[in-house]
Amino acid sequence: MLDTLCPMHVRLGKDGQILHAGPTVTKILGVKNVDGLLFLDKFEILRPRSVKTFANLRDYAGKKLHLQLLDDDKTQLKAVVANFPDGTAIVNLSFGIHVLDAVVDFSLTSTDFAPTDLAMEMLYIVEAKSAAMEETRMLNNRLQGAKMAAERRADTDTLTGLRNRRALNTALEHAIAAKHPFSLLRVDLDYFKQINDGHGHAVGDFVLQQASQIMQSLARKEDLVARVGGDEFVILLHGVSRKSRIIQISQDIISYLENEIVHRNERLKVSASIGISSVLKAGKTADDLLEEADIALYGSKRAGRARYTFFKPGMSLGEP
């Protein structure tokens with residue numbers, strides 16, 4: 001009967017030996033047969049500290065005791081003692097506020113507690129709260145993922161998968177605010193209109209996608225490649241201001257575009273004109289930089305295409 005009503009009870013003999021232990025006590029002690037073991041060899045009384053013997057334990061009948069397992073000092077329990085006239089006693093144990101830790105540490109289930117034990121209700125509440133929190137976390141993750149996906153779509157060119165003008169403007173503002181050197185390459189595909197007119201828009205789209213992949217492969221992870229118009233692209237090179245490095249990137253773009261775009265075994269006539277502007281010190285706006293790169297781009301177009309041009313102060317759209 002006591003095993004059902006008080007699965008955490010211990011019945012003690014006249015000398016403090018364990019005559020019987022409830023199933024949950026046996027489980028946490030990790031001993032198949034606890035009968036005959038001394039109670040105080042398994043449990044240490046933390047408070048009151050004056051309880052050192054079984055006789056002391058009986059003196060505190062009806063009062064709350066604080067204990068811990070001698071073999072596991074992190075597991076603390078509460079207890080109350082009830083004395084019998086024949087010198088024996090019953091100790092009823094509880095985990096108190098440490099019940100959640102005990103459930104995890106000893107793999108306890110509902111069968112290890114009395115059906116009316118408040119610990120059961122607390123465990124149900126905690127379980128329900130944990131489930132609700134997990135659902136909330138999953139919902140937040142889904143919402144955050146959806147938000148990020150929506151923001152990504154808003155910043156992405158649907159045809160090429162590159163960033164769009166909106167994303168470029170944001171990146172430019174951040175780069176200017178950071179006050180670190182960077183460079184802009186404005187890239188325009190040469191002969192693209194002839195491809196569209198001669199091969200059709202489907203092939204034109206293919207060329208744009210291939211050109212996008214080439215430029216993305218030549219950029220670093222921290223750089224940004226954006227499609228800002230029909231056949232117009234801008235590459236933001238973070239931290240790059242050295243002229244020799246910019247020249248190498250520009251030459252690679254032109255070379256790869258001229259040699260790597262093949263459709264149905266036919267190498268298409270594509271090249272690139274590039275205009276370059278750089279930020280070496282603060283003071284320029286995003287519009288200033290884009291305009292400078294645009295002016296330099298037209299310089300490349302007027303000079304014969306398939307080349308790059310650095311913006312220089314005093315250049316205008318009317319000059320080669």
Side-chain angles (χ1 to χ4, degrees), residues 1-140:
M1 181 177 64
L2 285 176
D3 284 351
T4 300
L5 297 177
C6 304
M8 290 189 64
H9 82 281
V10 181
R11 187 158 58 89
L12 303 180
K14 296 178 181 180
D15 297 322
Q17 75 276 24
I18 298 175
L19 301 178
H20 179 76
T24 306
V25 176
T26 302
K27 189 172 185 177
I28 66 174
L29 288 176
V31 180
K32 291 184 178 180
N33 185 10
V34 298
D35 296 356
L37 299 176
L38 291 176
F39 181 80
L40 294 178
D41 283 347
K42 288 296 179 180
F43 296 91
E44 178 185 3
I45 311 298
L46 299 178
R47 293 194 302 274
R49 293 190 177 275
S50 58
V51 179
K52 302 295 184 183
T53 65
F54 178 55
N56 298 147
L57 187 66
R58 283 175 54 84
D59 290 340
Y60 278 90
K63 299 177 182 178
K64 185 167 69 173
L65 303 170
H66 296 259
L67 305 81
Q68 70 179 20
L69 291 176
L70 277 172
D71 295 334
D72 183 5
D73 58 9
K74 72 176 182 178
T75 301
Q76 297 189 9
L77 304 103
K78 306 294 187 293
V80 63
V81 180
N83 293 329
F84 290 104
D86 64 357
T88 62
I90 285 184
V91 180
N92 195 35
L93 300 167
S94 167
F95 292 111
I97 62 173
H98 302 289
V99 63
L100 297 180
D101 294 331
V103 167
V104 174
D105 293 340
F106 299 104
S107 301
L108 302 180
T109 66
S110 59
T111 60
D112 294 308
F113 298 90
T116 57
D117 195 329
L118 287 177
M120 288 304 302
E121 295 187 25
M122 187 168 72
L123 288 173
Y124 290 141
I125 292 172
V126 169
E127 184 176 350
K129 180 181 177 182
S130 297
M133 290 180 66
E134 178 62 17
E135 285 294 327
T136 301
R137 185 189 66 80
M138 292 174 64
L139 176 60
N140 286 338

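Evaluation of the salt bridge (Lys or Arg N to Asp or Glu O under 4.0 Å) rule for Asp35 yields no partner, not counting sequence neighbours. When the side chain to side chain contact (heavy atoms under 4.5 Å, CB included) test is applied to His66, the partners found at least two apart in sequence or on another chain are Leu46, Arg47, Lys64, Lys78. Every residue two or more places apart in sequence or in another chain that forms a side chain to side chain contact (heavy atoms under 4.5 Å, CB included) with Met138 is listed here: Glu134, Arg142. Remark: Asn92 engages no residue in a side-chain hydrogen bond (donor to acceptor under 3.5 Å, both in side chains) (not counting sequence neighbours). Contacts of Arg49 classified as side-chain hydrogen bond (donor to acceptor under 3.5 Å, both in side chains), with partners at least two apart in sequence or in another chain: none. Partners of Thr88 according to the side-chain hydrogen bond (donor to acceptor under 3.5 Å, both in side chains) rule, which considers only residues two or more places apart in sequence or in another chain, are Asp86. Contacts of Asn56 classified as side chain to side chain contact (heavy atoms under 4.5 Å, CB included), with partners at least two apart in sequence or in another chain: Val51, Lys52, Thr53, Asp59. Applying the salt bridge (Lys or Arg N to Asp or Glu O under 4.0 Å) rule to Lys14 yields no partners; only residues at least two apart in sequence or on another chain are considered. Looking at residues two or more places apart in sequence or on another chain, you find a salt bridge (Lys or Arg N to Asp or Glu O under 4.0 Å) between Asp105 and Lys74.
A side chain to side chain donor-acceptor pair (under 3.5 Å) check over residues 18-28, counting only residues at least two apart or in different chains, returns the pairs Asp3-His20, Lys27-Asp112. Evaluation of the ring-ring contact (aromatic ring centres under 6.0 Å, His included) test over residues 33-64, restricted to residues two or more places apart or in two chains, returns Phe39-Phe43.
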Go through the steps to decide whether Lys63 and Val81 satisfy the test side chain to side chain contact (heavy atoms under 4.5 Å, CB included), and finish with yes or no.
CA-CA 7 Å; Lys63 299 177 182 178; Val81 180; over 6 Å; no

Between Leu12 and Ile18, is the side chain to side chain contact (heavy atoms under 4.5 Å, CB included) condition met? List the steps.
CA-CA 5 Å; Leu12 303 180; Ile18 298 175; 3.9 Å; yes

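Between Val80 and Val91 there is no side-chain heavy-atom pair separated by less than 4.5 Å. The closest side-chain heavy-atom distance from Ile28 to Leu77 is below 4.5 Å. The side-chain heavy atoms of Leu29 and Leu69, taken from C-beta on, include a pair separated by under 4.5 Å.
A pairwise comparison of heavy atoms in Val25 and His9 identifies CG2-O, 3.8 Å as the closest pair. Counting all heavy atoms, side chain and backbone alike, Asp15 lies closest to Leu38 at O-CD2, 3.8 Å. For the residue pair Leu67 and Ala79, the shortest heavy atom distance occurs at CD1-CB, 3.1 Å. Taking all atoms of both residues into account, the shortest heavy-atom contact from Leu40 to Leu70 is O-CD1, 3.6 Å.
Atom CG of residue Leu57 and atom CG of residue Asn83 lie 8.0 Å apart, to the nearest 0.5 angstrom.
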